[in-house]
Amino acid sequence: MIDYKTASKDQLKQEFTRLAKVVSDSTFGTKKEFFHLPNILNSDEQPLAVASGAMDGNTWLITLTNQRVIFLDKGMVFGVKQVDVNLKNIVSVGGKTGLILGEIMISTSGQTYTIKNVMKASVIPFTNLINSTRNAQNGAPQQVEQAKSQADDFISQMERLAALKEKGILSDEEFQQQKQRILNG
């Protein structure tokens, strides 16, 4: 685990890529938001995954941490919009997919946040990870560790699969089939 507060720009770039792979997202156009993340993380807060999507007509970075879901939109010239949803306040998490893109819905007792234009392959893994992290937080510390372990296992499976494709052991078609098998649990 890196210390986000003291990490170099290169370390943050690597971490951004790693966190996006957790849910198989391309995180289009949200790198500047990710570089803002160290400014707002609590000292004991650890990002678990990132995705990107549209909300209120803008592209937002969605970051799941061990404490909350953070929505960040950094303007082209200045300003940052930030919405935080504490995991304890989440009532439900849902998603739906289309041919290429999907939506993630996160509801609290007072509001529903709908993130559109999320890559289809990211919707189910991201919603499942929010739910498992939220459930683990409401349970025993052992469950929190189990959720982290599952996320780490998922990452390592995806990294091994990508390595096999890069080495030419798997064709593109085989890679996509195995990726879907892992994503669907």
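Everything numeric in this text was worked out from a predicted model, so none of it was measured.
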For Asn42, side-chain contact (heavy atoms from CB on, under 4.5 Å) partners two or more places apart: Asp44, Glu45, Gln67, Arg68
Side chain Asn86, main chain Lys88, donor-acceptor under 3.5 Å: yes
Nearest non-hydrogen partners of Val123 and Gly102, listed with the distance: CG2-CA, 3.9 Å
All pairs passing ring-ring contact (aromatic ring centres under 6.0 Å, His included) where residues 157-178 contributes a residue, at least two apart: none
Flag side-chain contact, heavy atom, 4.5 Å: Leu61 against Val50: yes
Non-neighbouring partners of Ala7 that pass side-chain contact (heavy atoms from CB on, under 4.5 Å), sequence neighbours left out: Ile2, Gln11, Leu12
Steps toward side-chain contact (heavy atoms from CB on, under 4.5 Å) verdict (Val80, His36): CA-CA 9 Å; Val80 176; His36 182 73; 3.8 Å; yes
Flag side-chain contact, heavy atom, 4.5 Å: Thr133 against Thr65: no
Residue Lys5 excluded, over 12 heavy atoms near NZ under 6.0 Å: yes
Pairwise side-chain contact, Thr127 with Ile106, heavy-atom cut-off 4.5 Å (strictly under): no
NZ-CE distance between Lys116 and Met105, expressed to the nearest 0.5 angstrom: 10.0 Å
Note, Lys13 side chain near Phe34 side chain (heavy atom, < 4.5 Å): no
Close side-chain approach of Thr63 to Leu37, heavy-atom, < 4.5 Å: yes
Criterion side-chain contact (heavy atoms from CB on, under 4.5 Å) on Gln82 and Leu72, from CA distance to verdict: CA-CA 5 Å; Gln82 177 181 338; Leu72 282 176; 3.8 Å; yes
Nearest-0.5 Å distance that lies between atom CG in Leu164 and atom OG in Ser171: 11.5 Å
Thr6: side-chain contact (heavy atoms from CB on, under 4.5 Å) partners, not counting sequence neighbours: Asp3
Spatial distance of atom CD1 (Ile104) from atom CE (Met55) [nearest 0.5 Å]: 11.0 Å
ring-ring contact (aromatic ring centres under 6.0 Å, His included) contacts in which one or both residues fall within residues 48-71, not counting sequence neighbours: Phe71-Tyr113
Nearest heavy atoms of Gly53 and Ile115, plus distance in Å: CA-CG2, 3.6 Å
Of all pairs that satisfy ring-ring contact (aromatic ring centres under 6.0 Å, His included), the ones with a partner from residues 82-111, not counting sequence neighbours: none
Ser107 and Val93, any side-chain heavy atoms less than 4.5 Å apart: no
Test item: Arg134 side-chain N/O and Val91 main-chain N/O as donor-acceptor pair under 3.5 Å: yes
Least distance between heavy atoms, Glu103 atom then Thr114 atom: OE1-CG2, 3.7 Å
Distance (rounded to the nearest 0.5 Å) between Asn117 CG and Thr59 OG1: 8.0 Å
Residue pair Asp73, Glu33: steps toward the side-chain contact (heavy atoms from CB on, under 4.5 Å) verdict: CA-CA 6 Å; Asp73 175 31; Glu33 284 84 358; 3.7 Å; yes
Minimum heavy-atom distance Leu161-Leu170, with the two atoms named: CD1-CD1, 3.3 Å
Spacing of CG belonging to Asn131 relative to CG belonging to Leu87, to within rounding of 0.5 Å: 10.0 Å
Short side-chain to backbone donor-acceptor contact, Asn89 and Val85, under 3.5 Å: no
Thr112 (side chain) donor-acceptor with Thr108 (main chain) under 3.5 angstrom: no
Straight-line distance of Tyr4 OH to Asn39 CG, nearest 0.5 Å: 13.5 Å
Stepwise side-chain contact (heavy atoms from CB on, under 4.5 Å) test for Asp84 and Val69: CA-CA 6 Å; Asp84 295 343; Val69 177; over 6 Å; no
Contact check, side chains of Gln157 and Arg160, non-hydrogen atoms, under 4.5 Å: yes
